[in-house]
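No hydrogens, no waters, no symmetry mates; every other heavy atom, side chains included, goes into these values.
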Amino acid sequence: MRVGAERIRQIVLSLRNFSRLDEADMKQVDIHSGIDSTLLILQHRLKDKAGSPGIEVIKEFGELPNVECYAGQLNQVFVNILTNAIDALEGQNRSAGVSPGRTAENLAERRIASEAIVPSPRIRIRTEVLNSNRVAIRIADNGPGMSEEVCRRLFDPFFTTKPVGSGTGLGLSISYQIVVEKHRGQLKCISVPGQGAEFIIEIPLTQGNQLR
């Protein structure tokens, strides 16, 4: 019971930190705490599943000061980008023939075959300070990657590469508005087919001195 209660306490604190219900205004916040809370909320998507390996998350956090931002909105950006990375990695495994509902024998055979083709799914999150007045958050996966044409349309409203009914095409568009319009930052994607994708979020450390 003590272990369960502690687990619930951690989840509740992470949900509060993620939503920042008591911090609707722009404030100085710990970006790393927001990323950690987001990862905890998405933990069920990162774990091993029947017929599908878990996704390894590598955190390369730099020394960041607190950043002036709308914490709840920025956490939503992290969710949208990480969810897209997870979807891409899961889709890559499915295309390699890894699927749930198989016998243990077939699963073992398929896992050996898929590992020879598809690398272990991995997401890397790196943070750093740029030019002493901007912070960068880089979220990269080793999924299937995207073409240049897809990259150009990623942030268009209602654009999606997912099957009908699986995506609204609004997540990245909303993320772009939050980063660019609300925080006067930049959101871009670097990707090559077969070499994964990297999303780069750049926002000022403080908003007060930025030109409007």
Side-chain angles (χ1 to χ4, degrees), residues 6-47 55 57-88 123-130 133-141 154-160 162 166-189 197-212:
E6 176 61 23
R7 174 68 174 162
I8 291 171
R9 188 184 73 86
Q10 292 177 354
I11 292 174
V12 170
L13 288 175
S14 293
L15 285 169
R16 179 182 177 185
N17 181 57
F18 171 80
S19 62
R20 296 284 185 170
L21 294 177
D22 56 342
E23 297 181 11
D25 296 331
M26 185 171 288
K27 294 186 177 181
Q28 298 279 344
V29 299
D30 180 359
I31 292 292
H32 294 157
S33 177
I35 294 173
D36 286 336
S37 296
T38 303
L39 289 172
L40 181 59
I41 290 171
L42 294 174
Q43 191 176 41
H44 67 288
R45 299 278 320 266
L46 300 169
K47 289 182 177 179
I55 299 172
V57 176
I58 301 171
K59 294 188 289 187
E60 298 177 348
F61 289 171
E63 293 291 331
L64 296 187
N66 286 347
V67 177
E68 187 179 14
C69 64
Y70 295 106
Q73 293 184 18
L74 201 59
N75 287 344
Q76 187 61 55
V77 173
F78 298 152
V79 166
N80 292 340
I81 293 177
L82 286 167
T83 298
N84 274 274
I86 293 169
D87 288 344
I123 295 175
R124 186 183 303 271
I125 306 173
R126 182 155 60 96
T127 62
E128 60 182 332
V129 174
L130 305 175
N133 60 2
R134 293 174 74 83
V135 63
I137 303 104
R138 301 172 180 268
I139 301 175
D141 65 67
L154 270 183
F155 305 116
D156 292 350
F158 305 110
F159 175 77
T160 180
K162 298 175 184 177
S166 298
T168 62
L170 289 174
L172 291 179
S173 173
I174 291 171
S175 297
Y176 188 87
Q177 291 178 348
I178 290 172
V179 173
V180 177
E181 297 179 14
K182 295 294 184 70
H183 292 87
R184 285 169 290 184
Q186 294 182 348
L187 177 58
K188 50 192 174 183
C189 177
E198 180 179 40
F199 284 84
I200 304 171
I201 304 165
E202 292 185 18
I203 61 172
L205 286 173
T206 60
Q207 297 286 325
N209 295 327
Q210 299 297 314
L211 294 175
R212 296 184 181 275

Nearest heavy-atom pair of [X] and [Y]: which atoms, and what distance?
| X | Y | value |
| --- | --- | --- |
| Leu74 | Ile178 | N-CG2, 4.4 Å |
| Leu154 | Leu172 | O-CB, 3.7 Å |
| Tyr70 | Met26 | CE1-CE, 3.1 Å |
| Gln28 | Thr206 | NE2-CG2, 4.0 Å |
| Leu39 | Lys59 | CD1-CD, 3.9 Å |
| Asn75 | Thr38 | O-OG1, 3.9 Å |

For this session: Answer yes or no: does atom CD of Glu63 have more than 12 heavy-atom neighbours from other residues, nucleotides or ligands under 6.0 Å?
Result: no
Check whether any side-chain heavy atom of [X] sits under 4.5 Å from a side-chain heavy atom of [Y], and report yes or no.
| X | Y | answer |
| --- | --- | --- |
| Lys188 | Glu202 | yes |
| His32 | Thr127 | yes |
| Ile123 | Ile86 | yes |
| Ser175 | Ile201 | no |

Exercise. Donor-acceptor pair, Asn80 side chain versus Gly171 backbone, under 3.5 Å?
Worked result: yes
Exercise. Can you check whether Gln207's main-chain N or O pairs, donor with acceptor, with Glu68's side chain at less than 3.5 Å?
Worked result: yes
For this session: Apply the test side-chain contact (heavy atoms from CB on, under 4.5 Å) to residues Leu82 and Ile125: give CA-CA distance (whole Å), side-chain angles for both, the deciding distance (0.1 Å), then the verdict.
Result: CA-CA 10 Å; Leu82 286 167; Ile125 306 173; 4.1 Å; yes
Mind checking the [atom1]-[atom2] spacing from [X] to [Y]? Nearest 0.5 Å is all I need.
| X | Y | atom1 | atom2 | result |
| --- | --- | --- | --- | --- |
| Leu205 | Leu130 | CG | CG | 9.0 Å |
| Ile35 | Leu64 | CD1 | CG | 8.0 Å |
| Arg126 | Glu198 | CZ | CD | 6.5 Å |
| Gln186 | Ile203 | CD | CD1 | 12.0 Å |

For this session: Using the side-chain contact (heavy atoms from CB on, under 4.5 Å) rule, take Asn66 and Val29 through it: C-alpha gap first, then chi angles, then the decisive distance, then the call.
Result: CA-CA 5 Å; Asn66 286 347; Val29 299; 5.9 Å; no
For this session: Quick one: sort the Phe199 and Phe155 rings into parallel, tilted or perpendicular, breaks at 30° and 60°.
Result: perpendicular
Exercise. Salt-bridged, Arg138 to Glu60, with N to O below 4.0 Å?
Worked result: no
